[in-house]
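Heads up: the structure comes next, in structure tokens.
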Protein chains: 2
Amino acid sequence: MTDERQISKAVISRLPRYYRYLGELMEEGIERISSNELSARMKVTASQIRQDLNNFGGFGQQGYGYNVKYLYTEIARILGIDRQHNLIIIGAGNLGQAIANYTNFEKRGFIIKGMFDTNPRLIGLVVRGVEIRGIDDLEQFIIDNEVQIAALTIPKSKAPEIAERLVKAGIKAIWNFAHTDLNVPDDVVVENVHLSESLMRLSYRVCSMQDERERKAKEKAEQTGTNETC
Amino acid sequence: MTDERQISKAVISRLPRYYRYLGELMEEGIERISSNELSARMKVTASQIRQDLNNFGGFGQQGYGYNVKYLYTEIARILGIDRQHNLIIIGAGNLGQAIANYTNFEKRGFIIKGMFDTNPRLIGLVVRGVEIRGIDDLEQFIIDNEVQIAALTIPKSKAPEIAERLVKAGIKAIWNFAHTDLNVPDDVVVENVHLSESLMRLSYRVCSMQDERERKAKEKAEQTGTNETC
DNA sequence: TAGATTGTTAATCGATTAACAATC
DNA sequence: TAGATTGTTAATCGATTAACAATC
């Protein structure tokens, strides 16, 4: 019913951004939009928008464009955020608590069922109505609460062992914030958020921007004859 | 000296991962590695590794492979993490504090000079030796401390205004955790970390994995004649 | 109906993989 | 020297953009 052929990863990774922009359009009270207008807002080509959406079927109408609310709902359905996903957070440090405190996740169907930590000082604390538990309960808790997704906000050193326990307990997906790659069976989804890698990419871009700035300054200096290179 | 031609974004985004694996190899005491061995560990093709690295020059040696330590150092240089980057964190909530507490960033040359928040309860607190300040000081602080990078861990609603102030104060890059796109001049780098989008991609993958599982189960049921479709 | 805009095919562009000569 | 493995060119694959007929 849902799947015809494999959708490319590039397309999938753009869908949440479309979803965000459509949400903003709804807030502005805009009811319909053409691929051209949307392309101007999002700074992508109209062609790409139409191509992307047509992977999932024709959501638009010739001569009219796209109905914002309808498209918004359809993308939610495609992404599976119209359903409920039960989630736990392993690691109740700042990062784990940051995720627990982000209320918008619940709006998208991600229900935080529990938090886990090994630190005795944290166990028993309640964050946004969710109790922090010791890690011994883990397997039973996953089964009892039909947990699909585990956010892993623990140090790299502990990640492989916990990942294995999660897999054995039947988890469907790991949202991995640990600075390491996890080895799991093919049918377990791992979505990595490697913040240190993100920061390194930023670093690269800052440096190459700096290089470019210097190159241009030098060029200008040469043109105005400020140095004796030629 | 450093730049010849534009390096593709795909290549850049893979460099931090190479860097991580090379670091692990060093910890294991491995001194040299061939593209083939590395490809097995990293689950990418050897061809891609060689192609990627050759964008920046020949770091290997025929018949030998790559010297781990040398390559590690070179990638650090390419990424610009051999230099010092002064950083501030705007928004001292859980996410901001999580970043402040992650010690490895300092190892890579990212020095956290200050944290800022509007919440009076947080102002004056000290996180890992860094004081949380009121946001009024922002511009002067950036100039006085030669701050290049600002991590933006504040709600979406406040992000555009702060981004504008940062740009005016001469910031070079914004590490953006706010759930919105920022409008900044071309020479200011924005690296987005949109956690909600990451979670939606995870959701998609969980659902399509589920679909596949069901499809296969159905196929099997048909083969064994458990239903009457044919 | 005429104008607008999609859905979709074709053309282009870029990234990945394969192959192999160069060379340590 | 022979074997190993890179650096690099060529072939393939996939993703993006352009174009336009279909159609609301």
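Letters A, B, ... are given to chains in the order of the sequence lines, protein chains preceding strands, and every chain is numbered from 1.
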Exercise. Would you call A/Lys156 and B/Glu27 a salt bridge, taking side-chain N to carboxylate O under 4.0 Å as the test?
Worked result: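 Looking at B/Glu27 together with A/Lys156, the answer is no, because their closest N to O distance does not fall below 4.0 Å.
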Problem set entry | N-O pairing of A/Glu214 and A/Lys218 below 4.0 Å | no
In whole angstrom, give the distance that lies between atom [atom1] of [X] and atom [atom2] of [N].
X       : N      : atom1 : atom2 : answer
A/Phe56 : C/dG7  : CZ    : P     : 13 Å
A/Ile12 : D/dA15 : CD1   : P     : 11 Å
A/Phe59 : C/dG7  : CZ    : P     : 9 Å
A/Ile49 : C/dT6  : CD1   : P     : 9 Å
A/Asn55 : D/dT16 : CG    : P     : 10 Å
B/Asn67 : D/dT5  : CG    : P     : 15 Å
B/Lys9  : C/dG14 : NZ    : C1'   : 15 Å
A/Leu38 : C/dT5  : CG    : P     : 13 Å

For this session: Mind telling me whether B/His85 and B/Phe110 have parallel, tilted or perpendicular rings, with 30° and 60° as the class edges?
Result: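 Parallel: the ring planes of B/Phe110 and B/His85 meet at under 30°.
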Exercise. Once the angle between the rings of A/Tyr19 and A/Tyr72 is folded into 0 to 90°, is it parallel (under 30°), tilted (30 to 60°) or perpendicular (over 60°)?
Worked result: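 Judged by the thresholds at 30° and 60°, the geometry between A/Tyr19 and A/Tyr72 is parallel.
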For this session: For side-chain hydrogen bond (donor to acceptor under 3.5 Å, both in side chains), just list the numbers for A/Asn94 and B/Tyr102, CA-CA rounded to whole Å, side-chain angles, deciding distance to a tenth of an Å, and then say yes or no.
Result: CA-CA 10 Å; A/Asn94 287 127; B/Tyr102 189 62; over 6 Å; no
Problem set entry | Opposite nucleotide pairing with D/dC13, Watson-Crick or G-U, both atom distances under 3.5 Å |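 Checking every strand shown, D/dC13 finds its partner in C/dG14, with both distances under 3.5 Å.
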For this session: Searching all strands shown, indicate the nucleotide that pairs with D/dC20 (Watson-Crick or G-U wobble; both distances under 3.5 Å).
Result: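 C/dG7 is the nucleotide pairing with D/dC20.
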Seminar exercise, completed: Contact string for nucleotides 17-24 of chain C, one letter per nucleotide 5' to 3', B = base within protein heavy-atom range under 4.0 Å, S = sugar-phosphate only, - = neither, reads BBBB-BBB
Problem set entry | Evaluation steps, side-chain contact (heavy atoms from CB on, under 4.5 Å), between B/Lys172 and A/Met209 | CA-CA 9 Å; B/Lys172 298 275 182 293; A/Met209 191 64 80; over 6 Å; no
For this session: Could you walk me through whether A/Ser34 and A/Glu37 pass side-chain hydrogen bond (donor to acceptor under 3.5 Å, both in side chains), step by step?
Result: CA-CA 5 Å; A/Ser34 69; A/Glu37 290 170 291; 3.2 Å; yes
Exercise. Can a side chain N or O of A/Ser35 be found less than 4.0 Å away from OP1 or OP2 on C/dT6?
Worked result: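 Yes, such a contact exists.
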For this session: Classify the nucleic acid contact of B/Arg14 as base, sugar-phosphate or nothing, counting any heavy atom under 4.0 Å across all strands shown.
Result: sugar-phosphate
